[in-house]
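Here is the structure we will look at, set down as structure tokens.
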Amino acid sequence: MLQITTIRQQPEEIVARLKIKNFDAATHVQSIVALDEQRRELQSRLDETLANANRLAKSIGDLYKAGKADEASRQKEESAALKNTSKTLGEELDATVKKLNDILLLLPNLPNESVPAGKAEADNEIVATGGTLPEKNPTALPHWDLIKKYNIIDFDLGNKVTGAGFPFYRGQGARLQRALINFFLDQGIAAGYLEYQPPLLVNEDSAYGTGQLPDKDGQMYYAPVDKLYLIPTAEVPITNIYRDVLLREEDLPIKNVAYSNCFRREAGSWGAHVRGLNRLHQFDKVEIVQIRTPEESYQALEEMREYVAGLLVELELPYRIVRLCGGDLSFTSALTYDFEVFSSAQERWLEVSSVSNFESFQANRMKLRYKTKEGRTQLAHTLNGSALALPRIVAALLENNQTDDGIRIPKALQAYTGFEMITLG
RNA sequence: GGAGAGGUGGCCGAGUGGUCGAAGGCGCACGCCUGGAAAGUGUGUGUACGUCACAAGCGUACCGAGGGUUCGAAUCCCUCUCUCUCCGCCA
């Protein structure tokens, strides 16, 4: 959520910046400015009325004590009138605040200066590449065939027991999952992140805090009996640790890492390119989250980018990093780097990580603040990134490392899997 | 799930209708004291909103959340929620 003071002070600037995200904010901003004006007016009048009522109450008490009951009951009538006024003003104020807030929630975060304009994927900017692309192999099998051949991931079984997009991992497939999770967590810990194991269901406040609601309502699984949402990413519980928290500057930076299952309904996004592991309703991901001062947050974003790139190097996967254009940028993000690995049999780049700086957008929603060394209270910046999401990593590993003898496991992972090859039988 | 007890400031803890944003203590900050430190001592120490220069000052709200009674509520009533204890159930 954007800060009301920013909108109040530079409404045109906001509208202009949001155009980069292809978001027309003109009407919203206009309403916000008007409602904000109204809100402050009502607040002043209400405060004044309450101040008068407080004065009267005190006076009535004194009069009773002095035995002047007549004068007291006359003032009581006055007080009753004030009470009516304050009740009306209070209701108007609440309604105005609610209206204002509802519109504020609809405004996406401002894009960073460096975000290129653009409508979609094609306008993203490739900022780095790494690893070597495998040679073209016409006989290479896509991962959905490989998993059947080696009998390591079973979609049919998932289909029977749960539904589409909920596969079973089996044998060396399950082992590979576990290896990747542990590898990613250990790397994170080595890089100074604190490991967390979060709840997989969160309440409504948390879903609002990180911005999944109201923007992505319908994309999360929901347990209505208990009013809980299944998390689409560990970002939600991990960042919400700091909801309504006032940190001290010495507490920063905060760097957390967490593994979790992730649940996504993916309503309406099923299509031709989502075979096999490319898109699932439940998948595994290790997430890194940082809380930073505004001064340091972009430096932190670069650190995180380096860190994620390092993981892909260890896994010996060819990758590229793209800076998302305005149109592709998420609702909450100011700047996002997507990481894509090349999947040789599909001959496609698969997104395996998204590293973002949300600046104070989430912090403002969550009231995540910190006290500076000078004693000023201000909003912190939040960042997060996948490090990494498993299914597409697995897809790329399987496709890129297939040999006549089996599927080669990258060296860095072998200590975790306990085997060097995925083999038949 | 049943019964009981309770949620007060960074922490502990007083406070059962007005003088309470809230005693006292701890912690913290700054000063005094000291060769230095400890001890001692003095002062200060919440958040949000409004006014305003995102200053001071002033005003308003906040004692788990939301409603109610009252001229006036941390204090009384109702609902919800969370924690603790006992019982039940259970990985």
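Note: hydrogens, waters and symmetry copies are ignored here, and every other heavy atom, side chains too, is used. Lettering of chains follows the sequences in order, A, B, ..., and the numbering in each one begins at 1.
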task = Take the protein atom NZ of A/K98 and the nucleotide atom P of B/C49, then report the distance between them rounded to whole Å.
result = 20 Å
key: Base-pairing assignment for B/C84 (Watson-Crick or G-U wobble, both under 3.5 Å)   = B/G4
Sugar-phosphate only, base, or nothing, as touched by A/R248 at under 4.0 Å among non-hydrogen atoms = nothing
request  = Would you mind classifying the nucleic acid contact of A/Q75 as base, sugar-phosphate or nothing, using non-hydrogen atoms under 4.0 angstrom?
outcome  = nothing
key: Between B/C20 and B/G27 - C1' atom distance, rounded Å   = 23 Å
remark   = Rounded to whole Å, NZ of A/K76 lies from C1' of B/G18 at a distance of 13 Å
query = Taking for each residue the nucleotide of RNA chain B with the nearest heavy atom, is it A/D94 or A/A53 whose nucleotide lies nearer the 5' end?
reply = A/D94
ask   = Which of these nucleotides, B/U51, B/C49, B/A48, is closest to any side-chain atom of A/T377?
value = B/A48
request  = Would you mind checking if A/K149 and A/D145 are paired as a salt bridge, meaning a charged N to carboxylate O distance below 4.0 Å?
outcome  = no
task = Keeping the roles fixed (side chain from A/T6, backbone from A/L2), state whether a donor-acceptor pair exists under 3.5 Å.
result = no
ask   = C1' atom, B/C52 versus B/G59: distance in rounded Å?
value = 12 Å
ask   = Starting at OH of A/Y64 and ending at P of B/C71, how long is that distance when rounded to a whole Å?
value = 8 Å
request  = Quote, to the nearest angstrom, the C1' distance that separates B/C76 from B/G18.
outcome  = 15 Å
ask   = How far, in whole Å, is B/G2 from B/G10 if one measures between their P atoms?
value = 34 Å
task = Please give the nucleotide sitting opposite B/G9 as a Watson-Crick or G-U wobble pair, both distances under 3.5 Å, or none.
result = none
query = Picking from B/U60, B/U47, B/G50, which would you name as closest to the side chain of A/A51?
reply = B/U60
task = Scan every strand shown for a Watson-Crick or G-U wobble partner of B/C62, both distances under 3.5 Å, and answer none if you come up empty.
result = B/G46
request  = For the pair A/E302 (side chain) and A/Q299 (backbone), establish whether a donor and an acceptor sit closer than 3.5 Å, ignoring hydrogens and angles.
outcome  = no
task = Scan A/R376 against the nucleic acid and name what it touches under 4.0 Å (heavy atoms): base, sugar-phosphate only, or nothing.
result = base
ask   = Which is true for A/R369 with a 4.0 Å heavy-atom rule: it touches a base, it touches only sugar-phosphate, or it touches nothing?
value = sugar-phosphate
query = What nucleotide, of B/U51, B/C71, B/G59, holds the atom closest to the side chain of A/D47?
reply = B/G59
task = Rounded off to whole Å, could you give me the CG-to-P distance for the A/L100 and B/C49 pair?
result = 13 Å
query = Take atom CD in A/E420; do more than 12 heavy atoms of anything else shown fall under 6.0 Å from it?
reply = no
query = Using atom C1' of each nucleotide, how far apart are B/G13 and B/G17 to the nearest Å?
reply = 22 Å
query = Are A/Y259 and A/Y196 close enough that their ring centres sit under 6.0 Å apart?
reply = no
query = Between B/C71 and B/C82, how far is it from one C1' atom to the other, in whole Å?
reply = 34 Å
task = Report the nucleotide, chosen from B/G50, B/U60, B/G72, that has the shortest atom-to-atom distance to any side-chain atom of A/L50.
result = B/U60
request  = Report the nucleotide, chosen from B/U51, B/C71, B/C49, that has the shortest atom-to-atom distance to any side-chain atom of A/S44.
outcome  = B/U51
inquiry  = Under 4.0 Å, counting only non-hydrogen atoms across every strand here, what does A/L56 touch: a base, just sugar-phosphate, or nothing?
reply    = nothing
P spacing across the pair B/C28 / B/A39, given as an integer number of angstrom = 10 Å
key: Euclidean distance, atom CG of residue A/L93 to atom P of B/G50 [Å, nearest integer]   = 10 Å
request  = Using both distances under 3.5 Å as the test, list the Watson-Crick or G-U wobble partner of B/G18, or none.
outcome  = B/C71
query = In terms of side-chain heavy atoms of A/A57, which of B/G72, B/U47, B/G50 is nearest?
reply = B/G72
message = Need to verify one output field. Residue with the more 5' nearest nucleotide on RNA chain B, A/R39 or A/L46?
response = A/R39
ask   = So, is A/N54 close to the B/A61 phosphate, meaning a side-chain N or O under 4.0 Å from OP1 or OP2?
value = yes
For B/G40, the Watson-Crick or wobble partner whose two distances fall under 3.5 Å = B/C32
task = With a 3.5 angstrom cut-off on both distances, give the Watson-Crick or G-U wobble partner of B/A55, or none if there isn't one.
result = none
note = Pairing partner of B/C90, by Watson-Crick or G-U wobble and under 3.5 Å for both distances, is none
task = Starting at atom CD1 of A/I4, determine the distance to atom P of B/C54, rounded to an integer number of angstrom.
result = 15 Å
ask   = Do A/N384 and A/E235 have side-chain atoms, one donor and one acceptor, less than 3.5 Å apart?
value = yes
note = note: A/R8, atom CZ; B/G50, atom C1'; distance rounded to Å ~ 10 Å
remark   = Side-chain atoms of A/K371 come closest, of B/U51, B/G59, B/U47, to B/U47
inquiry  = Using atom P in both nucleotides, what's the gap between B/A48 and B/A56 to the nearest angstrom?
reply    = 13 Å
ask   = For A/K367, which contact category applies under a 4.0 Å heavy-atom criterion: base, sugar-phosphate, or nothing?
value = nothing
ask   = To the nearest Å, how far apart are A/D62 CG and B/G17 P?
value = 18 Å
inquiry  = Closer than 3.5 angstrom, by distance alone: can the side chain of A/K21 be matched with the main-chain N or O of A/S330 as a donor-acceptor pair?
reply    = yes
message = Does A/Y193 form a ring-ring contact (aromatic ring centres under 6.0 Å, His included) with A/Y307? I'd like the steps, not just the answer.
response = CA-CA 11 Å; A/Y193 290 87; A/Y307 171 72; 5.7 Å; yes
